[in-house]
Amino acid sequence: MEIKQKTREEIPNEAKWRLNDLVASDEIWHSRIAALTEQIEQFSRFKQNVSDHLLECISENMRLSEELSKLYVYANMKLHEDTNNATYQGLVDIVSGVNTKLMAATSFVEPEILAIPNDILIRKIPANSLYNHYLQNIIRQKEHVKSAEIEEILAKANELGEMPSNIFDMLDDADLKFGTVQDENGNNVELTHGRYGSMLELDNREIRKTVWHKYYDSYWYLKNTLAATYSSSVKKDVFFAKIRNYPSALDAALFSDNIPSTVYTQLIATAHEFLPAMHRYMEIRKKALNLPELQVYDLYTPIIKQIDTKIEYNDAITTVLKSLAPLGKDYIEVAENGLRNGGWVDVYENAGKRSGAYSWGAFGGHPYILLNYENKIDDMFTLAHELGHAMHSYYSWKTQRYIYSDYTIFLAEVASTVNEALLLDYLLKETEKTGDTQMKAYLINTWLEQFRTTLFRQTLFAEFEMITHKMAENDEPLTLDALNAVYRELNAKYYGEHVILDDKLDLEWARIPHFYRAFYVFQYATGYSAAMAFSSRILQDNSQAEKYLTFLKSGSADYSINILKKAGVDMSGETENPIKEALQRFENLVDEMSKIV
C-alpha cells in the first residue's frame with residue numbers, strides 16, 4: 001500500500017486559514033498593488049523636503065509600509081499553501097519588486113532626518129510625540145547611514161541580498177524530493193519534512209536509520225550548490241556590515257534592536273559551562289535505549305516507551321487552553337475564538353505546502369498560524385508555541401500604533417516558549433493526579449529535549465554562524481570542506497563522546513533555513529531563558545500574569561532589553577543571568593531523569 005500526501009483540495013475548509021480576512025481576493029490584491037505602486041512613485045515629493053514636512057513624511061512612509069505588509073503577507077502565505085503554485089509565485093515576485101521600489105523610494109528619509117541638527121529636530125517633535133522613540137533610534141544609527149544616493153543603491157541591492165535565502169527556500173520546499181520509505185506497518189510512504197521528524201521518533205531503529213540517511217542523501221547530492229548558496233549569504237551579510245561601518249556582521253545584526261554583542265557571547269559561554277550536563281543526558285539516553293552506541297538518528301525517539309502520545313487537533317486545543325488558564329480570562333477567550341472558528345490556523349500538511357510551522361500576519365488583520373499537524377504530542381506543543389506568537393501579535397497590534405506594532409526578533413520567542421512551559425507544567429501536574437509515572441518520565445524527557453533542541457542546539461547554531469561570519473571577515477574561504485569541518489567540531493563539543501557523528505551530519509548546517517537569514521537562532525535560546533523566568537513567576541504568583549500581558553502589549557515601543565527589564569527579566573547580564581538559571585533547571589532535570597531511568 002502506498003500512502004501519498006493529500007492535495008490542497010483534499011484538506012477540509014475548516015482546517016484551513018482564512019486569508020481573505022486579510023485581502024478579500026486576488027483581484028483586489030492586484031488592484032491594491034497597482035494603487036500602491038502609484039503612491040510610492042508620488043513619495044518623491046518629500047525628497048529634499050523632509051525637514052519642512054517631517055511628520056507628514058513619516059506618517060505617509062508608515063501608511064505605505066502598512067499597506068505593503070498586508071499585500072506581502074497575503075501573497076507569501078498563499079504561496080505557502082502550495083509552493084508549486086505558479087500564480088502565487090508570480091504574486092510573490094510582484095510584491096517583492098514593489099517592496100524594493102518602496103525601500104528605494106523612501107531611502108532618502110533617514111539620511112535627510114539625520115541631516116537635521118538635533119536642536120532643530122527636537123523643536124519639531126513634541127516631547128510626547130508618537131515618533132520620539134523612532135527618531136531617537138534613527139539618530140543612534142547616524143554613523144551607519146550613508147548619503148541618500150548610496151542608500152538608494154543599497155535599497156535596490158536588497159533584492160539581490162535576499163537571493164540566497166530565496167534559492168534555498170525553493171530548493172527545500174519545492175524541488176527537493178526524499179523518495180519513499182516503509183513505515184512500521186510496511187506501507188510505502190512518501191518521505192517529507194513533516195514525516196521525517198515523526199518517523200525519527202519511531203521505536204523501530206532500522207526505520208529511523210533508513211529515514212535519516214534517505215533524508216540526508218537528498219541534501220548530500222546538492223552539497224556543493226548548498227555550500228555556494230550559504231557562502232553567498234554570509235558574504236552578503238559581511239558586505240552590508242562593512243559598507244555601513246559596523247565592526248562585524250554580528251554587530252550589524254544586533255544593532256537595530258540595540259542589543260550588545262556580549263549578550264550573544266554570554267549565551268555561548270554559559271552553554272559551554274553546562275555542556276557536562278548535556279553530555280550526561282546523552283549518556284542517560286544511550287543507557288535508557290539500551291544501545292551499544294548512540295547515533296544521531298537515536299536522538300529524537302522517546303526514552304520512555306509504550307506511551308500513547310497521539311492527540312487529535314481539537315483535543316490538543318482543549319488541553320492547550322486549559323494549560324494557559326493562569327494567563328487570564330481575556331487571553332483564553334481570544335485564543336479559543338482564533339483557534340476554533342477565527343480562521344487563524346492552517347492545520348494539516350498537503351502536497352507543496354511549506355514545511356514546519358510559523359505564526360505570521362499583518363497589522364490591521366488577525367494573526368495566522370501555519371502547522372503541519374500529525375496528531376503527535378509534539379504537534380500539540382508546536383500549537384502552543386505558535387499560539388504564543390499569535391497572541392503576542394494580537395496584543396501588540398491591538399495596543400500599539402503601526403509604527404511600534406511588531407515585536408522585535410529578540411522578543412519573538414519569549415511568548416511562544418512561555419506557552420510551552422505552561423503546557424508542560426500543566427501536563428506534569430495531571431500525571432501527579434493520575435499517578436502515571438511513565439507519562440511523568442516522558443514529560444520530563446520532553447522538557448529535557450526542549451532544552452537540548454532550543455537552548456543547546458540553537459546555541460550550537462549561533463556559534464556556527466558566529467564562526468563562519470568571522471571566517472568570511474578574515475577572508476578565509478567558506479568551502480564545503482571548511483563548513484563541514486566547523487560543524488563537525490561543534491557537534492563533537494556539544495554532544496560529547498556518547499554520540500556517534502555520522503559523516504552526513506557534517507552537512508546538517510546546509511538544511512537549516514535560518515542560516516540563510518543570519519543571527520536569528522540565538523534568540524530562540526535567549527527567548528527560552530527569559531520565558532523560563534516568566535513562566536516560573538506566573539505559576540508561583542498569578543498576579544504576575546498582568547505584568548506579563550503588559551509585556552505582550554509593548555510591541556517595539558522601546559528597546560527589547562528595556563521591555564524585558566520593565567517586566568522584571570534582565571537579559572543584559574547586569575543584575576542576573578536567566579540563561580544560567582534556565583540551565584541549572586536543566587541540570588536538575590537531568591538528575592531527576594537519571595533516578596527515574
Side-chain angles (χ1 to χ4, degrees), residues 33 35-69 71-72 93-125 131 133-166 232-258 403 469 472-473 517-519:
I33 202 79
L36 178 62
T37 303
E38 290 183 9
Q39 293 160 9
I40 289 171
E41 292 172 356
Q42 295 169 11
F43 193 80
S44 61
R45 68 185 184 277
F46 293 109
K47 195 167 187 177
Q48 298 180 343
N49 205 17
V50 171
S51 180
D52 292 336
H53 302 278
L54 183 60
L55 296 182
E56 182 188 355
C57 177
I58 296 173
S59 177
E60 178 65 2
N61 193 359
M62 291 301 115
R63 188 189 68 78
L64 295 175
S65 177
E66 181 181 346
E67 173 68 356
L68 177 66
S69 70
L71 302 176
Y72 188 91
D93 188 55
I94 291 169
V95 78
S96 295
V98 174
N99 182 47
T100 299
K101 287 180 181 178
L102 178 60
M103 293 179 66
T106 59
S107 61
F108 64 85
V109 174
E110 290 191 9
E112 288 197 33
I113 292 175
L114 289 170
I116 303 172
N118 287 354
D119 57 335
I120 297 176
L121 188 60
I122 290 170
R123 289 199 298 269
K124 287 179 177 291
I125 304 297
Y131 300 119
H133 179 62
Y134 167 78
L135 290 168
Q136 288 170 7
N137 200 40
I138 289 178
I139 292 170
R140 190 175 63 87
Q141 299 176 46
K142 191 166 189 175
E143 63 182 304
H144 304 294
V145 176
K146 299 300 181 178
S147 68
E149 291 77 14
I150 293 177
E151 285 295 328
E152 185 173 358
I153 293 171
L154 291 174
K156 290 177 178 177
N158 183 68
E159 192 169 10
L160 294 176
E162 292 178 354
M163 288 181 68
S165 63
N166 291 339
S232 299
S233 183
V234 172
K235 289 176 180 178
K236 172 262 297 183
D237 296 333
V238 172
F239 167 78
F240 280 106
K242 285 181 178 179
I243 289 292
R244 294 194 178 280
N245 300 323
Y246 290 103
S248 68
L250 173 61
D251 287 291
L254 301 185
F255 184 85
S256 63
D257 199 35
N258 204 19
I403 192 171
H469 281 76
E473 287 161 353
R517 305 164 182 85
F519 300 118

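Start at 1 with the first residue, then count along the sequence.
- Legend: residues meeting ring pair (Phe, Tyr, Trp, His ring centres under 6.0 Å) with Tyr131, ordered by chain and number and at least two apart, are absent.
- Counting heavy atoms from C-beta on, the side chains of Lys235 and Val238 never come closer than 4.5 Å.
- For Ile122, the side chain to side chain contact (heavy atoms under 4.5 Å, CB included) criterion is met by no residue, not counting sequence neighbours.
- Under the rule for a salt bridge (charged side-chain N to carboxylate O under 4.0 Å, His left out), the partners of Glu67 that lie at least two apart in sequence or sit in another chain are Arg32.
- Under the rule for a side chain to side chain contact (heavy atoms under 4.5 Å, CB included), the partners of Ser147 that lie at least two apart in sequence or sit in another chain are Glu149, Ile150.
- Partners of Lys47 by salt bridge (charged side-chain N to carboxylate O under 4.0 Å, His left out), not counting sequence neighbours, listed by chain and number: Glu152.
- Under the ring pair (Phe, Tyr, Trp, His ring centres under 6.0 Å) criterion, Tyr134 pairs with no residue, sequence neighbours left out.
- Residue pairs meeting the salt bridge (Lys or Arg N to Asp or Glu O under 4.0 Å) criterion with at least one member in residues 239-250, sequence neighbours excluded, are Glu151-Arg244.
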Throw together a table of side-chain donor-acceptor distances under 3.5 angstrom for residues 48-58, partners on residues two or more places apart or in other chains.
residue, atom, partner, partner atom, Å
Asn49, ND2, His53, NE2, 3.4

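- A tilted orientation is assigned to the rings of His469 and Phe519, their planes being inclined by 30° to 60°.
- Every side chain to side chain contact (heavy atoms under 4.5 Å, CB included) that Asp251 has, sequence neighbours left out, goes to Pro247, Ser248, Ser261.
- For Ala157, the side chain to side chain contact (heavy atoms under 4.5 Å, CB included) partners at least two apart in sequence or on another chain are Phe240.
- Pairs of residues two or more places apart, or lying in two chains, never qualify as salt bridge (Lys or Arg N to Asp or Glu O under 4.0 Å) while including a residue from residues 94-114.
- Residues forming a side chain to side chain donor-acceptor pair (under 3.5 Å) with Thr100 (at least two apart in sequence, or on another chain): Glu159.
- Counted within 6.0 Å of NZ on Lys124, heavy atoms from surrounding residues, nucleotides or ligands total more than 12; the atom is thus considered enclosed.
- For the pair Asn61 and Val109, the tightest heavy-atom approach, listed with the atom from each and the gap, is ND2-CG2, 4.2 Å.
- The residues Glu60 and Arg63 are annotated as salt-bridged, a charged nitrogen and a carboxylate oxygen being separated by less than 4.0 angstrom.
- Residues Ile139 and Leu121 meet the side-chain proximity criterion, which asks for heavy atoms closer than 4.5 Å.
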